[in-house]
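Side-chain atoms are counted along with the backbone in the values below, which use heavy atoms only and exclude waters and symmetry mates. Computed from a predicted structure; not experimentally measured. Letters A, B, ... are given to chains in the order of the sequence lines, protein chains preceding strands, and every chain is numbered from 1.
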2 protein chains.
Amino acid sequence: MPTALHPTAEAQACCAPLVAAPISAQDAEALARTLKALADPTRLRLLSLVAAHEGGEACVCDLTDPVGLSQPTVSHHLKVLVDAGLLTRDKRGVWAYYAVVPGALDAVAAVLDTQLRR
Amino acid sequence: MPTALHPTAEAQACCAPLVAAPISAQDAEALARTLKALADPTRLRLLSLVAAHEGGEACVCDLTDPVGLSQPTVSHHLKVLVDAGLLTRDKRGVWAYYAVVPGALDAVAAVLDTQLRR
DNA sequence: CGTCAATATCGACAGTCATCGATGTCTGCG
DNA sequence: CGCAGACATCGATGACTGTCGATATTGACG
């Protein structure tokens, strides 16, 4: 199951104070897991390449050359991104098509702004 | 010098296409450096604790207890955050006061949204 | 100057991670 | 069935990282 982050939502009444209570240990752990998946130059480029590819999806063979790494390594990074809930994998025939999960990065950005702003 | 990320700005005419060209290797490297500093549960909590502390600043002794780690370890994490340009350090007398850099996280969030959205 | 307290730095150790080549798995095709 | 190609998994290896105790540094104070 993807390690998606749960925004501790409940909509928070309305505009929460600029700085509320410090983030909980569990929330920090969850957010860190997602950020760790993002905190690698190769994975950032893969994410970007998939997003920029026509149709919003790309297969492994489209990505191996641009990043200049071996196929097993690219496959490994893609798995990390899928496990983090940032990419989806759709196997059609022999090819595996990867696409970015629509709202995932907005969620990360929102948590950063909401929880750590000053 | 802090490894701040340069938004490759130039204001991009106006509303850039939803998905432009893939991120460059250098930009990916820079963004990954910042994200790596964020991708640790302890550092996220430290950042949050500093932001939530009165006056928006806190010294090491305020932070050691809440995270439950040794003083050298907390000091190390704070150094990582300062080097990443996410915290400032202000030594006043015997105490070192840390504060979050106002726009730093917004910049990270903006790059995530701009470069990787779909 | 000597002591104490708050931090930073150092050295070591264990755990994690990125990468690769080799190999396994599955699909399409003849 | 048998082969070829796309992709995933495995095992190994070198590099990096989080953590600690010990120690150095720095400022306040008597």
Side-chain angles (χ1 to χ4, degrees), chain A residues 2-3 25 28-50 53 55 57-84 86-99, chain B residues 2-3 25 28-50 53 55 57-84 86-99:
Chain A
T3 314
E29 198 86 42
L31 181 54
R33 260 194 298 271
T34 302
L35 288 172
K36 217 171 284 236
L38 282 173
D40 181 280
T42 299
R43 288 197 285 271
L44 287 174
R45 296 191 67 198
L46 286 174
L47 218 44
S48 169
L49 284 165
V50 170
H53 204 263
E57 60 179 11
C59 58
V60 180
C61 55
D62 293 325
L63 304 170
T64 300
D65 268 21
V67 299
L69 293 176
S70 73
Q71 173 265 320
T73 302
V74 172
S75 213
H76 161 69
H77 283 306
L78 291 171
K79 177 175 169 48
V80 171
L81 290 170
V82 170
D83 287 350
L86 298 169
L87 283 184
T88 58
R89 192 178 92 105
D90 179 26
K91 185 142 194 176
R92 294 200 296 271
V94 186
W95 289 274
Y97 291 92
Y98 290 86
Chain B
T3 313
E29 199 86 42
L31 180 54
R33 261 194 297 271
T34 302
L35 288 172
K36 221 172 282 243
L38 282 173
D40 181 279
T42 299
R43 288 196 286 270
L44 286 174
R45 295 191 69 199
L46 287 173
L47 218 44
S48 169
L49 284 164
V50 170
H53 203 262
E57 60 179 11
C59 59
V60 179
C61 57
D62 292 324
L63 303 169
T64 300
D65 268 21
V67 298
L69 293 176
S70 73
Q71 174 267 319
T73 301
V74 172
S75 212
H76 161 68
H77 283 306
L78 290 171
K79 176 174 170 48
V80 171
L81 290 169
V82 169
D83 287 349
L86 298 169
L87 283 184
T88 58
R89 192 179 93 106
D90 180 24
K91 186 142 195 176
R92 293 202 294 272
V94 185
W95 290 274
Y97 291 92
Y98 289 87

Taking [atom1] from [X] and [atom2] from [N], how many angstroms apart are they, rounded to a whole number?
| X | N | atom1 | atom2 | value |
| --- | --- | --- | --- | --- |
| Asp40(B) | dC17(C) | CG | P | 12 Å |
| Asp83(A) | dT9(D) | CG | P | 9 Å |
| Leu46(A) | dC7(D) | CG | P | 13 Å |
| Leu87(A) | dA8(D) | CG | P | 12 Å |
| Leu44(B) | dG18(D) | CG | C1' | 15 Å |
| Arg92(B) | dT26(D) | CZ | P | 20 Å |
| Glu57(A) | dA6(D) | CD | C1' | 16 Å |
| Leu81(A) | dC7(D) | CG | C1' | 16 Å |

What pairs meet the side-chain hydrogen bond (donor to acceptor under 3.5 Å, both in side chains) rule with one or both residues in residues 37-46 of chain B, with sequence neighbours excluded?
->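 Counting only pairs at least two positions apart or across chains, the side-chain hydrogen bond (donor to acceptor under 3.5 Å, both in side chains) contacts touching residues 37-46 of chain B are Arg43(B)-His77(B).
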Lys91(B): partners by side-chain hydrogen bond (donor to acceptor under 3.5 Å, both in side chains), with sequence neighbours left out | none
According to a strict under-4.0 Å criterion, is [X] in side-chain N/O contact with OP1 or OP2 of [N]?
| X | N | answer |
| --- | --- | --- |
| Arg89(A) | dA8(D) | yes |
| Thr73(B) | dC20(D) | yes |
| Ser70(B) | dC20(D) | yes |

Report the nucleotide, chosen from [options], that has the shortest atom-to-atom distance to any side-chain atom of [X].
| X | options | value |
| --- | --- | --- |
| His76(A) | dC7(D), dA18(C), dG18(D) | dA18(C) |
| Trp95(B) | dC20(D), dA18(C), dT7(C) | dT7(C) |
| Lys79(B) | dC20(D), dT9(C), dT7(C) | dT9(C) |
| Tyr98(A) | dC7(D), dC17(C), dT19(C) | dC7(D) |

Considering all heavy atoms, the nearest [X]-[Y] contact:
| X | Y | value |
| --- | --- | --- |
| Ala58(A) | His53(A) | CB-CG, 3.8 Å |
| Leu69(A) | Thr64(A) | O-CG2, 3.2 Å |
| Ala37(A) | Leu86(A) | CB-CD1, 4.3 Å |

5′-ward residue of the pair Leu78(B)/Val74(A) relative to DNA chain C =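 Its nearest nucleotide lies further toward 5', so the answer is Leu78(B).
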State the CD-OG1 distance between Glu29(A) and Thr34(A), to the nearest 0.5 angstrom.
-> 11.0 Å
Contact class for Tyr97(A) vs. all strands (heavy atom < 4.0 Å): base, sugar-phosphate, or nothing?
->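 No contact.
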Distances under 3.5 Å between nitrogen or oxygen atoms of protein and nucleotides 22-27 of chain C:
none

Do Leu38(A) and Leu47(A) touch side chain to side chain, with heavy atoms closer than 4.5 Å?
->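 With C-beta onward as the side chain, the pair touches.
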